[in-house]
Amino acid sequence: MTTDNSPAATPHDLLGGAPVFAAIANRFYDLMERDPAYAELRAMHAEDLGPMRESLPRFLAGWAGGPRDWFEANPGKCMMSLHKNFPIDRATAMQWAEAMARAVADVAPEPANVAQAMTDALTRMARSMAKPG
Ligand code: HEM
């Protein structure tokens, strides 16, 4: 039996590191752009999703235990506060969560427990950004 006692086995590394996080974000924004199910979510974003294709994977990488350059470039910036002025309702929050769940399933389905934990945590985060009502 082999065991991996490496303390550096973060979710970021287990899922495949920077290229995989970039691919998850690109798949997420491709879905947002192409699938009419996410039309409301798409409409809330700027015409050019290029900056988001850069910024989201860097945030997710740091959040998942990888390189923290997004956090270093944005000291003290809180993801919840950053979204509090956007008109996010339950439907748009669930569009975000569903598109992200599909992106993770398409691009990084293994290890399944890590992919599922990441999807669950991001779903909770998206849901908590929705305004009540
Ligand atoms: C709940 C549904 C969500 C909606 C409707 C939403 C919408 C938006 C919008 C409109 C922007 C501004 C970008 C633009 O105008 O193109 C933005 C920025 C951003 N969002 Fe979200 N978002 C949601 C959830 C999330 C979640 C759960 C995360 C992280 C896990 C996230 C990460 C980001 C990041 C990293 C930025 C860019 C911030 C920066 O680098 O300044 N969003 N979001």
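Atoms within a ligand are numbered from 1 in the order they appear, just like the ligands themselves. One is the number of the first residue; the rest follow in order along the sequence. The basis for the numbers below is simple: all heavy atoms, side chains too, and nothing from hydrogens, waters or symmetry mates.
Looking only at heavy atoms of the protein, atom 28 (C) of ligand 1 is closest to Trp96 CZ2, 3.4 Å. When hydrogens are left out, the protein atom nearest atom 8 (C) of ligand 1 is His45 NE2, 3.3 Å; that is the closest non-hydrogen contact. Of the protein's non-hydrogen atoms, the one nearest atom 12 (C) of ligand 1 is Phe86 CZ, 3.6 Å. Here the protein heavy atom with the shortest distance to atom 35 (C) of ligand 1 is Met79 CE, 3.4 Å. For atom 4 (C) of ligand 1, the nearest protein heavy atom (residue, atom name, distance) is Ile88 CD1, 3.7 Å. Atom 29 (C) of ligand 1 has its closest protein heavy atom at Phe59 CE2, 3.6 Å.
Looking at Lys77 next to ligand 1, an N or O pair under 3.5 Å apart turns up. In terms of N/O distances under 3.5 Å, ligand 1 is approached by Ser55.
Of the candidates Met52, Met118, Met100, the one placing a heavy atom closest to atom 19 (C) of ligand 1 is Met52. Nearest-residue assignment for atom 16 (O) of ligand 1 (options Ala126, Ala121, Ala46, Pro51; heavy-atom criterion): Ala46. Considering only non-hydrogen atoms, atom 42 (N) of ligand 1 lies nearest to His83 out of Glu54, Arg58, Met94, His83.
Taking 4.5 Å as the limit, some side-chain heavy atom of Leu82 sits within range of a side-chain heavy atom of Lys77. In this structure, Ser128 and Met80 have side chains that are in contact, with non-hydrogen atoms separated by less than 4.5 Å. Looking only at side-chain heavy atoms (C-beta outward), Met100 and Leu60 come within less than 4.5 Å of each other.
Heavy atoms from other residues, nucleotides or ligands lying under 6.0 Å from CD of Glu54 number 12 at most.
Here is the list of ligand 1 atoms found below 4.0 Å of a heavy atom in Ala93: 1 (C), 2 (C). For ligand 1, the atoms sitting less than 4.0 Å from at least one non-hydrogen atom of Leu56 are 32 (C), numbered in the order shown with element in parentheses. Residue Leu41 has at least one heavy-atom neighbour below 4.0 Å for each of these atoms of ligand 1: 4 (C), 5 (C). For ligand 1, the atoms sitting less than 4.0 Å from at least one non-hydrogen atom of Leu82 are 38 (C), numbered in the order shown with element in parentheses. Listed by number with element, the atoms of ligand 1 under 4.0 angstrom from any heavy atom of Met44 are 5 (C), 10 (C). Set against the non-hydrogen atoms of Leu122, the atoms of ligand 1 under 4.0 Å away are 30 (C). Close contacts of ligand 1 with Trp70, meaning ligand atoms under 4.0 Å from a residue heavy atom, involve 40 (O).
No side-chain donor-acceptor contact under 3.5 Å links Thr92 to the backbone of Ile88. A donor-acceptor pair is defined here as one N or O able to donate and one able to accept, closer than 3.5 Å; such a pair exists between the side chain of Arg42 and the backbone of Glu47. Between the side chain of Asp35 and the main chain of Leu31, no donor-acceptor pair closer than 3.5 Å is present.
Classification of Asp48 and Arg53 as a salt-bridged pair fails, no side-chain N sitting under 4.0 Å from a carboxylate O.
Ligand 1 does not have Trp63 within reach: every non-hydrogen atom of the residue lies 4.0 Å or more from it.
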*Determine, stepwise, if the pair Tyr38 / Glu33 fulfils side chain to side chain donor-acceptor pair (under 3.5 Å).*
CA-CA 8 Å; Tyr38 312 124; Glu33 286 191 303; over 6 Å; no

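The aromatic rings of Phe59 and Trp63 lie parallel to each other, with less than 30° between the two planes, well short of the 60° mark.
With rounding to the nearest 0.5 angstrom, the CD atom of Gln116 is 8.5 Å from the OG1 atom of Thr123.
A cation-pi contact, defined as under 6.0 Å to the ring centre and within 45° of the axis, links Arg68 to Phe71.
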